[in-house]
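The next block holds one structure in the form of C-alpha cells; read it before the comments.
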Amino acid sequence: LLNSAVERSKLGLHTIEQYEPLIGSAAAERIAMKADRVRAMRVAHVSSTFYGGGVTELLTPLTLMMNAMGIETDWHLIQGTPGFFGCTKKLHNTLQGENLDLSEAERAIYEEVVFENATRLHLEECDAIIVHDPQPLPLVSQFPDREMPWLWQCHVDLSSPFAPVWSYLSGFIEKYNAAIFSLPEYAQHLGIDQHFVPPAIDPFSPKNGELSEKEIRQFLANYKIPTDRPLVVQVSRFDRWKDPLGVIDAFRRAREQVDCTLVLVGNNASDDPEGHVILESLEDSIDGDIVILAVNDPILVNALQRQAAVVLQKSIREGFGLTVTEAMWKGAAVVGGNVGGIRHQIKDGWNGFLVKTPDEAAARIVQVLKDPQLREQLGSRAKESVREKFLMSRLLEEWLDLLIRYGR
Ligand code: UDP
C-alpha cells in the first residue's frame with residue numbers, strides 16, 4: 001500500500017523504455033535515436049501555471065521525459081496578477097471566437113506584466129525556447145538579440161479567432177521562428193512556419209494508470225459518489241466552453257428515460273478567473289440525481305472515467321480535449337461535442353459519439369445505457385485509437401523532430 005501511495009503521489013518520471021510494450025521496440029528505438037541527436041541541447045518551456053488545465057497535463061510528463069532522455073529541459077512560469085489573468089482569460093475567450101476587443105489599458109496590463117516577468121528570465125544559455133499559449137506570448141519582444149529559436153505553441157481552439165485580437169497578437173507571434181497548433185484546421189495567415197502537433201496523455205500517470213475495482217469503489221466512496229445507478233460523468237474546468245449547463249440539460253432529458261446519476265467534476269486552473277462564477281451558476285441545479293464536485297484529484301478523475309457508463313465532453317469549443325483522450329484510454333463510451341479536437345479523436349458511431357445539441361447528447365446517453373455491449377465495443381476501439389495516436393511517446397517524438405529542425 002505504501003508503495004502504491006508513493007507511486008501515485010509522484011509527478012511521473014518515465015522513460016521511453018516503459019512505452020515499449022505499448023508502441024513496439026522499433027518506435028522506442030527510433031525515438032531514442034532522435035533524442036541522441038539533441039542531447040546536448042538546453043531547452044526551456046514557459047507557461048503560466050503548474051496547476052490545472054491541459055498545458056500542465058502535457059508539460060509535466062513531457063519535460064520529465066525529456067530530462068530522463070538526457071535533454072536538459074527547464075519549465076519556467078510567468079507570474080500574474082488578478083488583473084493580468086482577467087486580460088488573458090479575455091484573450092483566450094476571443095481566440096475561441098468571442099467578439100470582444102481588449103481595451104488599451106488591458107493591452108498595457110498584459111504586456112507590462114509579461115515584461116516584468118522577462119526581467120527574471122535568463123535564457124541566454126538555452127538552445128530553444130518554447131512558449132505556451134497567449135499568457136506569456138509577448139515575452140519574445142524582450143529578447144530582440146536572441147540567437148536561439150523561439151517557438152510558440154497555442155493550445156486553444158483557433159477555428160474562428162476574433163480578427164482584431166488575432167491581428168494584435170500576430171505582432172508578437174510573428175517574432176517567433178514557428179507557431180505550433182493542435183490541429184491543421186487552426187492554421188492562420190502568418191509570416192512564419194506553422195506546425196500541427198496534437199497533444200497526448202501519459203498512460204502511466206496517477207490519472208491514467210490502472211486501478212483495481214476495489215480502488216475505484218474506495219475512491220468514489222471517499223467522495224460520497226453513489227454507485228447504485230449508472231454514472232454519467234463530465235470532467236472539466238468550470239468554463240462556459242465546456243457547456244456545463246448543456247450537460248445538465250442533456251442529463252435531465254436522458255433521466256426521463258433511464259435511471260442514472262450525473263457527476264460533474266471540475267478543478268480550477270490558477271490562471272482561470274472565471275471558474276467560480278460558472279460553478280455558482282450551476283449550484284441551483286444540484287439535486288438527488290446530480291453531484292457537482294470542485295476538487296483537484298487525478299485519481300478521482302481516473303476512477304470516475306473507469307466507472308462511468310457514459311463520459312460526456314459536451315464542449316462548444318475545444319482546442320483538443322485531453323479529457324476525451326483520457327476517458328477513451330480507459331475504454332469509456334464517450335459522447336463529445338462535435339467541435340475542435342474532439343472531432344479528431346472520436347469517429348462518430350465507431351469509437352464514441354459526436355453530438356451538437358443537448359437533445360442529441362441525451363439520445364446517445366440513453367442508447368449507451370440501454371446497451372452495455374455497445375459501451376464495450378465503443379470503449380475497446382476508443383482505447384486502441386488512443387494507443388495508436390495519442391500517447392506521450394508520439395508527442396515526445398514530434399518535439400524531438402522540431403528541435404532537430406529548429407534548435408541551434
Ligand atoms: N482536469 C482535472 N480535474 C478536473 C478537470 C480537469 O484533472 O476536475 C484535467 C483533465 O483530466 C485534463 C485537463 O485537466 O487532463 C484538461 O485538459 P483539456 O484539454 O480537456 O481542457 P483544458 O482545461 O485545457 O481546456
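Ligands are counted one by one from 1 in listed order, and the atoms in each one are counted from 1 as well. One is the number of the first residue; the rest follow in order along the sequence.
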Specify whether F196 and F181 have parallel, tilted or perpendicular ring planes, treating 30° as the upper limit for parallel and 60° as the lower limit for perpendicular. tilted
task: Measure the distances from the heavy atoms of H155 to every atom of ligand 1 and state whether one is below 4.0 angstrom.
output: no
Would you kindly specify which portion of [X] sits under 4.0 Å from ligand 1, judged on non-hydrogen atoms: side chain, backbone, both or neither?
{"X": "K242", "answer": "side chain"}
{"X": "P298", "answer": "neither"}
{"X": "V301", "answer": "side chain"}

Taking distance alone, with no angle check, do [X] and ligand 1 share an N/O pair under 3.5 Å?
{"X": "E326", "result": "yes"}
{"X": "T323", "result": "yes"}
{"X": "V55", "result": "no"}

**Study point:** Ring centre gap for H92 and F85 strictly below 6.0 Å
**Key:** no
Near-ring test H76/H45, centroid separation under 6.0 angstrom
no
**Prompt:** Within the side chain of D133, is there an N or O that forms a donor-acceptor pair under 3.5 Å with the backbone of H155?
**Reply:** yes
Check each atom of ligand 1 against the heavy atoms of [X] and keep those under 4.0 Å away; list them by number with element.
{"X": "V265", "answer": "8 (O)"}
{"X": "G321", "answer": "19 (O), 20 (O)"}
{"X": "E57", "answer": "12 (C), 13 (C), 15 (O)"}
{"X": "R237", "answer": "5 (C), 22 (P), 23 (O), 25 (O)"}

Worksheet item: In terms of side-chain geometry, is the basic nitrogen of D101 or R107 positioned less than 4.0 Å from the acidic oxygen of its partner?
Response: yes
Exercise. For T325 and Q345, test the side chains for any donor-to-acceptor distance below 3.5 angstrom and give the result as yes or no.
Key: yes
Problem - Aromatic W350 / basic R381 pairing, under 6.0 angstrom, 45° off normal - result: yes
Shortest non-hydrogen pair, N302 vs P206, comes out as ND2-O, 2.8 Å
